[in-house]
Amino acid sequence: MPVHNADVAFIFNRIADLLDIRGDNPFRIRAYRNAARTVGELSTSISEMVDKGDDLSKLAGIGKDLADKIEKIVATGSLPFLEELETEVPPDLSELFKIRGLGPRKIAILHEQLDISTLMDLQRSLDNKKIRQLNGFGKKTEQNMREEFKRLARSRQRLKLSIADEIAGQLVDYLKKTKGIKKVKIAGSYRRRRETVGDLDILVTHGKDAQVMERFTDYEDVKKIIAQGETRSSVVLKSDVQVDLRAVDEESYGAALHYFTGSKTHNIAVRKIAVRNNLKINEYGVFKGEKRLAGHTEKEVYEQVGLPFIPPELRENRGEIEDAQKGELPFLLTIKDIRGDLHTHTSKTDGHAGLEEMARAASRHGYDYLGITEHSRHLKVAGGLDAAELRKHMDAIDRLNEKLDGILLLKGIEVDILKDGSLDLGDDILRELDFTVCSVHSEFSLSRTKQTERIIRAMDNRYFQILGHPSGRLINERPPYEVDMEKVIQAAAEKNCAMELNANPDRLDLNDIYLKFARELGVKVAISTDAHSVEGLNNMRYGIGQARRGWIEAEDVLNTRTWKELKEIFNRRKGFPV
DNA sequence: GCCGTTTTCGGCCCGACTGTTTTCAGTCG
């Protein structure tokens with residue numbers, strides 16, 4: 001069983017947890033967490049790096065010691081140091097971190113004084129009212145822990161961005177109606193357009209006497225107030241979403257927005273630069289001694305540490321600071337760059353709107369073209385088309401194109417990649433289409449090797465243009481199938497195929513890490529909504545957010561091109577004269 | 001445990017809020 005990056009990350013995080021409870025040096029603990037993150041977010045396989053003899057200590061936050069430990073893990077699948085720690089600190093004890101309000105110190109006390117080693121032990125001690133007798137604990141702490149158990153039982157997941165949008169939108173509208181309020185801005189991972197959001201962070205500025213905090217905690221959807229202060233409050237909504245609200249003065253707006261947008265690791269890196277320049281950055285501004293140098297806008301804050309403005313989607317400490325220093329930040333794609341959608345369905349198969357309805361909707365989006373890509377025959381549940389049905393549909397598209405003005409319908413197909421890597425329809429019909437999206441819709445449980453081979457073999461077909469929703473995952477519902485995505489992207493680079501970024505907020509497939517990897521290899525990306533309705537076309541913005549997180553520029557994207565340019569790219573791939 | 005534009009040793013981002021104590025440790029973001 002090969003060791004995956006996630007396995008290494010898991011072991012390092014686990015070590016960090018146990019060291020934390022043991023009361024170890026906090027910086028040593030942070031080193032393990034940083035290393036876990038570095039390895040976890042790597043687009044290349046750490047096992048392969050070890051096999052190739054790469055110098056792991058070149059990776060951020062990995063020195064000689066951790067490089068050795070990684071090699072041990074790759075070789076044996078485990079690490080003696082962790083096993084040693086687990087004899088010293090009961091491994092289940094780290095479960096207690098799930099209870100908000102319990103940190104390493106309190107967990108250690110619970111273990112030492114009440115012999116609590118598991119969540120179950122904790123529950124029992126709560127029932128016996130033993131905890132309130134401990135030093136540093138009281139009735140209120142007990143009560144909070146009980147509520148945390150209830151929250152855990154509901155097992156809240158991170159919110160999909162689209163759901164966060166809805167919840168946040170309503171709350172922002174409510175807050176904007178507060179008397180004396182000036183700015184209301186959602187920060188945090190929402191602003192960074194992460195595919196899922198843990199908590200919502202909202203930043204406000206206001207004039208004197210605006211009762212913002214009261215107004216916030218009075219919101220009708222508030223279930224529980226966790227904290228309420230003058231500048232910062234936290235609540236849990238009925239939807240079990242935690243919302244943190246922070247209020248600052250106008251002169252601190254930029255600094256606060258930067259701080260509350262994160263990510264944490266990005267902020268730490270920026271603050272380190274400040275420290276080197278004898279400056280201090282906090283949520284109120286950039287300071288030299290007592291003197292405030294900046295704070296009103298984020299741009300000012302960055303300028304003080306010699307950086308250009310860094311777009312929120314890049315702020316993950318994945319090299320954006322180094323590139324900003326060199327003046328080499330990507331010029332990120334925006335929604336205005338998009339000229340069309342290359343993956344949509346109509347009522348001919350499992351969509352809900354007719355051809356013309358979809359065409360007119362696309363026109364309203366300002367698109368030049370719309371790719372119609374029905375399912376192919378193998379996908380029976382969706383009413384997939386065989387060659388004859390597809391030919392009829394193509395005729396219908398041709399007829400409609402004669403009638404339509406300002407929008408061109410492209411004749412495409414979302415053709416199934418079969419188990420053996422062949423495509424579900426024959427070359428004779430595929431060659432007549434403008435382009436194809438090729439997708440895996442079956443045999444999700446093939447081995448990693450077989451799945452990878454299957455997809456790469458499909459790319460050998462000259463009519464293969466775009467790999468649809470490449471990992472097959474559904475966020476919070478279905479994990480990606482086992483596949484060596486790095487190899488798939490490398491194959492796409494060699495064979496001149498494109499990768500889809502499926503913009504449906506339930507998919508957002510490819511993810512940011514692989515998008516960045518694809519871009520580095522020069523693989524083109526198609527950002528497509530996979531719309532099954534008129535409304536579905538609106539999801540393009542989620543794709544844009546994800547693309548920006550993947551450092552994607554307009555040049556990297558297929559559907560920023562005119563149809564003329566696109567046709568050339570497709571024809572070249574097919575081996576047609578251009 | 002990592003790392004280097006004051007460094008191979010001595011630093012490591014910074015502040016708000018809670019609960020339990022009476023001035024602050026712990027937790028969180």
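So you know, we letter chains A, B, ... as the sequences are listed, proteins then strands, and number each from 1.
- Rounded to a whole angstrom, the distance from the P atom of dA16(B) to that of dT20(B) is 22 Å.
- Atom P of nucleotide dT5(B) and atom CG of N278(A) are separated by 15 Å, given to the nearest angstrom.
- OP1 or OP2 of dT20(B) lies within a sub-4.0 Å distance of a side-chain N or O belonging to T141(A).
- Comparing dC12(B) with dT6(B), their C1' atoms are spaced 16 Å from each other, to the whole Å.
- We find that D512(A) and R192(A) are not joined by a salt bridge, their nearest charged nitrogen and carboxylate oxygen being 4.0 Å or further apart.
- If you check dT8(B) for Watson-Crick or wobble pairing at under 3.5 angstrom, you find it has no partner at all.
- Atom C1' of nucleotide dC2(B) and atom NZ of K58(A) are separated by 17 Å, given to the nearest angstrom.
- Straight-line distance between the C1' atoms of dT21(B) and dG10(B): roughly 35 Å, to the nearest whole Å.
- Between I99(A) and G229(A), the residue whose closest nucleotide on DNA chain B is further toward the 5' end is G229(A).
- For the pair I107(A) CD1 and dC28(B) C1', the computed distance is 14 Å after rounding to whole Å.
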Next on the checklist: Between R191(A) and E298(A), does the salt bridge (charged side-chain N to carboxylate O under 4.0 Å, His left out) criterion hold? Intermediate values first, please.
Outcome noted: CA-CA 14 Å; R191(A) 182 161 178 251; E298(A) 285 188 316; 2.9 Å; yes

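- Backbone-only engagement by P104(A) is indicated by non-hydrogen atom pairs under 4.0 Å involving sugar-phosphate atoms exclusively.
- dG11(B) and dT7(B) have their C1' atoms separated by 9 Å, with the value rounded to a whole Å.
- Look at the P atom in both dT8(B) and dG4(B): the space between them is 13 Å, to the nearest Å.
- dG19(B) and dT23(B) have their C1' atoms separated by 13 Å, given to the nearest Å.
- Looking at the side chain of Y32(A), the nearest of the listed nucleotides dC17(B), dT27(B), dG1(B) is dG1(B).
- At whole-Å resolution of the value, CD in E142(A) and C1' in dT18(B) are 16 Å apart.
- Ion pairing of E147(A) with K223(A) is absent here, as no side-chain N (NZ or NE/NH1/NH2) approaches a carboxylate O to less than 4.0 Å.
- For K140(A), the listed nucleotide lying nearest its side chain is dT20(B); candidates were dG1(B), dT20(B), dG29(B).
- Per the geometry, CD1 belonging to I225(A) stands 21 Å off P belonging to dA16(B), to the nearest Å.
- Regarding contacts with the backbone of dT18(B), every side-chain N or O of N144(A) stays at 4.0 angstrom or more from both OP1 and OP2.
- Remark: side-chain polar atoms of Q113(A) are not paired, donor with acceptor, to backbone N or O of L110(A) under 3.5 angstrom.
- Toward the 5' end of DNA chain B, the nearer of the two residues D201(A) and I109(A), judged by each one's closest nucleotide, is I109(A).
- With K160(A) as the partner, the salt bridge (Lys or Arg N to Asp or Glu O under 4.0 Å) test is satisfied by one option alone out of E477(A), E166(A), E195(A): E477(A).
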Checklist outcome for this item: Quick tally for nucleotides 7-15 of chain B: nucleotides whose base has a protein heavy atom under 4.0 Å get B, sugar-phosphate-only ones S, the rest -, giving -----BBBB

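- We find that R246(A) and D201(A) are joined by a salt bridge, their nearest charged nitrogen and carboxylate oxygen being less than 4.0 Å apart.
- Between D20(A) and R33(A) there is a salt bridge, with a side-chain nitrogen of the basic residue lying less than 4.0 Å from a carboxylate oxygen of the acidic one.
- Regarding the sugar-base torsion, dT7(B) falls in the syn class, its angle being within 90° of 0.
- Computed from coordinates, the R37(A) CZ to dC2(B) C1' distance equals 15 Å when rounded to whole Å.
- Among the protein residues, N277(A) comes within range of no part of the nucleic acid, since none of its heavy atoms lies under 4.0 Å from any strand.
- Note: CG (N317(A)) to C1' (dC3(B)) measures 14 Å, nearest angstrom.
- With salt bridges taken as basic N to acidic carboxylate O contacts below 4.0 Å, none links E142(A) and K139(A).
- Checked for salt-bridge contact, K238(A) and E220(A) miss the test: no charged N lies under 4.0 Å from a carboxylate O.
- Note on T231(A): a side-chain N or O is less than 4.0 Å away from OP1 or OP2 of dC17(B).
- As rounded to the nearest Å, dC2(B) and dC13(B) have P atoms that lie 16 Å from one another.
- Atom C1' of nucleotide dG26(B) and atom CD1 of I21(A) are separated by 15 Å, given to the nearest angstrom.
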